[in-house]
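Below is one structure, written out as structure tokens; comments come after it.
Below, all heavy atoms of this structure are taken into account, side chains as well, without hydrogens, waters or symmetry copies. FYI, the numbering just counts along the sequence from 1.
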Amino acid sequence: MAKPLLLPILAVLLLTYAVCALSLHPCPPCGTTTVPYPLSTAANCGDQSYKIRCVAGKLLFDSSNNTYPITSISPSIQRLTIAPSPLLPNACVAADLPSNGLQLNPTGPFNVSSGNTILYLNCTQSITESHLNCTQASLCHTYVNATGGACRNAPCCELHSGGTIRRIRMRLSGCRAYTSFVDLDPSLPVNKWSQPAVALRWALPPEPTCVVQADCGSGSTCGPDRSSDGGIKVNRCFCNSGLRWDPVAGLCSQGPFP
């Protein structure tokens with residue numbers, strides 16, 4: 001007879017598990033794609049340091065010099081994937097070569113995530129003598145031999161990203177094209193590889209900024225961020241006593257979180 005009491009008890013626990021820390025909520029879906037916190041498609045949602053764009057129901061990522069379609073978002077591991085720049089017709093040249101390839105904001109929250117197998121294509125001889133894997137055993141040769149096209153007879157190299165780089169550099173004196181595969185299983189034949197993509201990881205966000213207490217929710221208080229650098233005064237919504245900031249969900253929580 002005591003079992004029915006479990007439901008109201010669980011309901012109370014869930015209600016007290018987490019409380020809203022701020023007035024800016026996660027953004028609405030873009031088409032059919034959920035936009036998780038801290039990603040932001042508008043000034044009234046998400047964290048403004050994590051801006052992406054929603055255009056005609058499609059999500060776009062703006063780098064320092066280009067725009068790339070977002071193909072997936074995995075909020076639990078703070079990762080999104082973008083489609084790499086396509087090749088120009090009948091040429092082994094990336095469309096973003098004139099702007100030096102993918103360049104991320106060096107002070108922004110995004111970097112090129114680990115798990116990318118980046119294949120540099122149409123490279124000069126000087127690049128083949130660099131730290132990249134440009135040997136005949138490199139996966140780039142496996143790829144160009146299987147796919148053919150304009151890149152087949154040009155030197156190429158391979159790099160496994162480690163999560164600390166902020167660019168995939170293209171230049172005439174280096175490599176003129178690239179592609180990338182996320183979590184690639186090299187034992188698979190090329191026709192079984194996933195679609196080309198570049199995985200980007202975002203840094204966990206700090207507490208949201210505020211100007212007045214109304215910018216924060218009931219579980220937090222607007223106060224000065226004493227750790228802010230550059231001498232610029234920044235106020236943030238700091239969680240009240242007994243609560244902790246959950247950067248994945250974007251709220252103050254009483255429970256465990258990453």
Side-chain angles (χ1 to χ4, degrees), residues 38-39 47 49-53 59-87 92-135 137-144 151 154-186 193-206 229 247 258:
L39 302 180
D47 186 312
S49 296
Y50 296 75
K51 289 182 179 179
I52 57 176
R53 286 192 292 137
L59 286 172
L60 302 175
F61 178 84
D62 292 325
S63 68
S64 297
N65 53 356
N66 259 307
T67 298
Y68 301 86
I70 294 175
T71 54
S72 71
I73 301 177
S74 304
S76 62
I77 54 174
Q78 299 88 57
R79 190 170 83 173
L80 61 82
T81 60
I82 59 174
S85 181
L87 300 182
C92 190
V93 176
D96 58 3
L97 173 65
S99 53
N100 297 318
L102 173 63
Q103 306 276 335
L104 301 180
N105 184 343
T107 60
F110 296 95
N111 62 44
V112 179
S113 169
S114 59
N116 289 293
T117 299
I118 303 169
L119 306 182
Y120 289 89
L121 309 172
N122 194 9
C123 301
T124 61
Q125 187 61 36
S126 61
I127 291 296
T128 65
E129 298 168 356
S130 69
H131 66 284
L132 302 175
N133 178 8
C134 308
T135 66
S138 167
L139 286 172
C140 73
H141 291 286
T142 304
Y143 175 75
V144 297
C151 295
C156 64
C157 302
E158 171 190 351
L159 174 69
H160 295 274
S161 63
T164 58
I165 64 175
R166 291 184 182 265
R167 66 182 182 180
I168 299 178
R169 188 180 184 190
M170 295 290 102
R171 52 191 173 126
L172 290 174
S173 60
C175 298
R176 301 173 182 87
Y178 70 98
T179 190
S180 174
F181 299 89
V182 179
D183 299 329
L184 177 64
D185 180 353
W193 290 7
S194 60
Q195 287 296 309
V198 179
L200 306 180
R201 183 179 173 88
W202 67 79
L204 290 172
D229 20 348

Short side-chain donor-acceptor distance under 3.5 Å, [Y] and [X]:
X      : Y      : value
Gln103 : Arg167 : no
Ser138 : Asn133 : no
Ser72  : Thr81  : yes

TODO: Decide yes or no for Leu121 and Val144: does some side-chain heavy atom of the first lie under 4.5 Å from some side-chain heavy atom of the second?
DONE: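 Leu121 vs Val144: side chains touch.
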Task: Side chains of Tyr68 and Pro84 in contact at under 4.5 Å (non-hydrogen atoms) - done: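 No, side chains not in contact.
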How many angstroms lie between [atom1] in [X] and [atom2] in [Y], if you round to the nearest 0.5 Å?
X      : Y      : atom1 : atom2 : value
Leu60  : Ile82  : CG    : CD1   : 10.5 Å
His141 : Cys134 : NE2   : SG    : 7.0 Å
Ile127 : Cys156 : CD1   : SG    : 12.5 Å
Asn66  : Leu104 : CG    : CG    : 11.0 Å
Leu59  : Ile52  : CG    : CD1   : 4.5 Å
Asn100 : Arg169 : CG    : CZ    : 6.5 Å

- [ ] I would like to know whether Tyr120 and Ile168 meet side-chain contact (heavy atoms from CB on, under 4.5 Å); could you show each step before the answer?
- [x] CA-CA 9 Å; Tyr120 289 89; Ile168 299 178; 3.8 Å; yes
- [ ] Examine distances only and state if a side-chain atom of Asn65 and a backbone atom of Gly101 form a donor-acceptor pair shorter than 3.5 Å.
- [x] yes
TODO: Before giving the answer on side-chain contact (heavy atoms from CB on, under 4.5 Å), spell out for Trp193 and Leu184 the whole-Å C-alpha distance, their side-chain angles and the decisive distance to 0.1 Å.
DONE: CA-CA 7 Å; Trp193 290 7; Leu184 177 64; 3.5 Å; yes
If you look at every heavy atom in [X] and [Y], which pair is closest and at what distance?
X      : Y      : value
Ser113 : Asn116 : O-ND2, 2.7 Å
Pro206 : Tyr50  : CD-OH, 4.4 Å
Trp202 : Pro38  : NE1-CD, 3.5 Å

- [ ] Run the salt-bridge test on Arg53 and Asp62 with the 4.0 Å N-O cut-off and return the result as yes or no.
- [x]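 Yes, this pair counts.
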- [ ] Tell me, please, which residues at least two apart from Asp183 pass side-chain contact (heavy atoms from CB on, under 4.5 Å).
- [x]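 Testing Asp183 for side-chain contact (heavy atoms from CB on, under 4.5 Å), a comparison that skips the adjacent residues, returns Arg79.
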Give the table of side-chain donor-acceptor pairs shorter than 3.5 Å for residues 171-179, with sequence neighbours excluded, one pair per line with atom names and distance.
residue: Arg171; atom: NH1; partner: Ser173; partner atom: OG; Å: 3.4
residue: Arg176; atom: NH1; partner: Asn122; partner atom: O; Å: 3.2
residue: Arg176; atom: NH2; partner: Leu172; partner atom: O; Å: 3.0
residue: Tyr178; atom: OH; partner: Ser85; partner atom: N; Å: 3.4
residue: Tyr178; atom: OH; partner: Asp96; partner atom: OD2; Å: 2.9

TODO: Could you check Phe61 against Leu200 for side-chain contact (heavy atoms from CB on, under 4.5 Å), going step by step and ending with a plain yes or no?
DONE: CA-CA 10 Å; Phe61 178 84; Leu200 306 180; 3.6 Å; yes
Open item on the list: Please report whether the SG atoms of Cys157 and Cys140 are separated by less than 2.5 angstrom.
Closed with: no
TODO: Identify which one of Val198, Thr117, Val112 satisfies the side-chain contact (heavy atoms from CB on, under 4.5 Å) criterion when paired with Ser161.
DONE: Val112
Open item on the list: With side-chain contact (heavy atoms from CB on, under 4.5 Å) as the criterion, how do Thr71 and Gln195 come out once you've worked through the C-alpha distance, each side chain's angles and the decisive distance to 0.1 Å?
Closed with: CA-CA 10 Å; Thr71 54; Gln195 287 296 309; over 6 Å; no
